[in-house]
Amino acid sequence: MEIETTWGSIAVEWLDGRVCGCALPFLSAPPGKPFAIVNCGDDPVSSFVASVFSGTGAKCPALAEPHGTAFQRQVWQAIAGIPFGQTKTYGELAKDIGRPKAVRAVGSACGKNLLPLFIPCHRVVGSKGGLGGFSAGLPWKRFLLEAEHARAINCS
DNA sequence: GGCGCCGTCTTCT
DNA sequence: AGAAGACGGCGCC
C-alpha cells in the first residue's frame, strides 16, 4: 500500500498483517512545501504512520522478522526500545548491546534498517547533537524529530 | 568553535 | 584481505 504525502509517496509492504518493508522517497533537500498527508487509509499501519508524523505516538503494529545479521538485529531491537519523543546516541546504543566501541558498526547497522518509521532509527543521533544520517534523506529525520519534540538536536 | 586524524567494529567486494 | 561506513574522542589551529 502507499500513503501519499506532499513530500512524496510512502510505500509500506506487509505480509499476514506484519510489516516487512517501508520505503520513503529520498530527499536530499527539504521540499519547499509543508508536510501533509494527502491520502491515508484507516488501517492500523496507516494510522501508525500518520501518528508518527503528527507526533502523537500510536502503538507500533506487528513487524515481520527482520532479515539481517545477529548484530544488526541487536541494534534494531535496541532502537525499538527508545521511548517516543526521546533520542539516543550511537554511542549509548553501542553500550546497550555490550559493544561500547562499536559505534561505527552501529551506525552502519542503522543504515540497513528496512523499516524506517517502524524501527525509529530517526531517534538515533550523534553524540554532539549532530544528526548523523538517514537512509531516505536527512529532511525526514529532521522533521520527524521535530514532530516528536526532540530537543537533543539543534533545531535552528 | 571548527577541522583532521586515528581508533574500533561489522559488513561488502 | 582490503576498503568503507548514519561514530567518538583528542589534539591542533
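Below, chains carry the letters A, B, ... as their sequence lines are ordered, and counting in each starts from 1.
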Main-chain N/O of A:Ala36 paired to A:Thr6 side chain as donor or acceptor, under 3.5 Å:
yes
Take atom CG of A:Leu131 and atom C1' of C:dG5, then tell me their distance rounded to the nearest Å.
17 Å
Cluster link A:Phe84 to A:Phe118, ILVMFWY, side chain under 4.5 Å
no
Can you name the side-chain contact (heavy atoms from CB on, under 4.5 Å) partners of A:Leu138, sequence neighbours left out?
A:Leu131, A:Phe134, A:Lys141, A:Arg142
For residues 94-109 of chain A, please give each side-chain donor-acceptor pair under 3.5 Å, one per line with the distance, not counting sequence neighbours.
{"from": "A:Asp96", "atom 1": "OD2", "to": "A:Lys88", "atom 2": "NZ", "distance (Å)": "2.6"}
{"from": "A:Arg99", "atom 1": "NH1", "to": "A:Ile97", "atom 2": "O", "distance (Å)": "3.1"}

What are the atom names and distances for every N/O pair under 3.5 Å that joins the protein to nucleotides 11-13 of chain C?
none

Going 5' to 3' along nucleotides 6-13 of chain B, which nucleotides have protein heavy atoms under 4.0 Å from the base (write B), which only from the sugar-phosphate (write S), and which from neither (write -)?
--BBSS--
Which donor-acceptor pairs under 3.5 Å do the side chains of residues 43-52 of chain A make with protein atoms, sequence neighbours left out?
{"from": "A:Asp43", "atom 1": "OD1", "to": "A:Ser46", "atom 2": "OG", "distance (Å)": "2.8"}
{"from": "A:Asp43", "atom 1": "OD2", "to": "A:Val45", "atom 2": "N", "distance (Å)": "3.3"}
{"from": "A:Asp43", "atom 1": "OD2", "to": "A:Ser46", "atom 2": "N", "distance (Å)": "3.0"}
{"from": "A:Asp43", "atom 1": "OD2", "to": "A:Ser46", "atom 2": "OG", "distance (Å)": "3.2"}
{"from": "A:Ser47", "atom 1": "OG", "to": "A:Asp43", "atom 2": "O", "distance (Å)": "2.9"}
{"from": "A:Ser47", "atom 1": "OG", "to": "A:Pro44", "atom 2": "O", "distance (Å)": "3.1"}
{"from": "A:Ser51", "atom 1": "OG", "to": "A:Phe48", "atom 2": "O", "distance (Å)": "2.7"}
{"from": "A:Ser51", "atom 1": "OG", "to": "A:Ala58", "atom 2": "N", "distance (Å)": "3.0"}

Should the ring pair A:Trp140 and A:Phe35 be called parallel, tilted or perpendicular, given that the plane angle runs from 0 to 90° and is split at 30 and 60?
perpendicular
Dot-bracket, DNA chain B: Watson-Crick or G-U, under 3.5 angstrom, [ ] crossing, | other strand?
|||||||.|||||
Other residues, nucleotides and ligands only: do more than 12 of their heavy atoms fall within 6.0 Å of CG on A:Asp16?
no
Pairwise distance CD(A:Glu148) to OG1(A:Thr56) - rounded to 0.5 angstrom:
10.0 Å
Please classify the nucleic acid contact of A:Gly111 as base, sugar-phosphate, or nothing, using heavy-atom distances under 4.0 Å.
base
Over how many whole Å does the gap from A:Lys128 atom NZ to C:dC10 atom C1' extend?
10 Å
Specify the separation, in whole Å, of atom CD1 of A:Ile79 and atom C1' of C:dC7.
14 Å
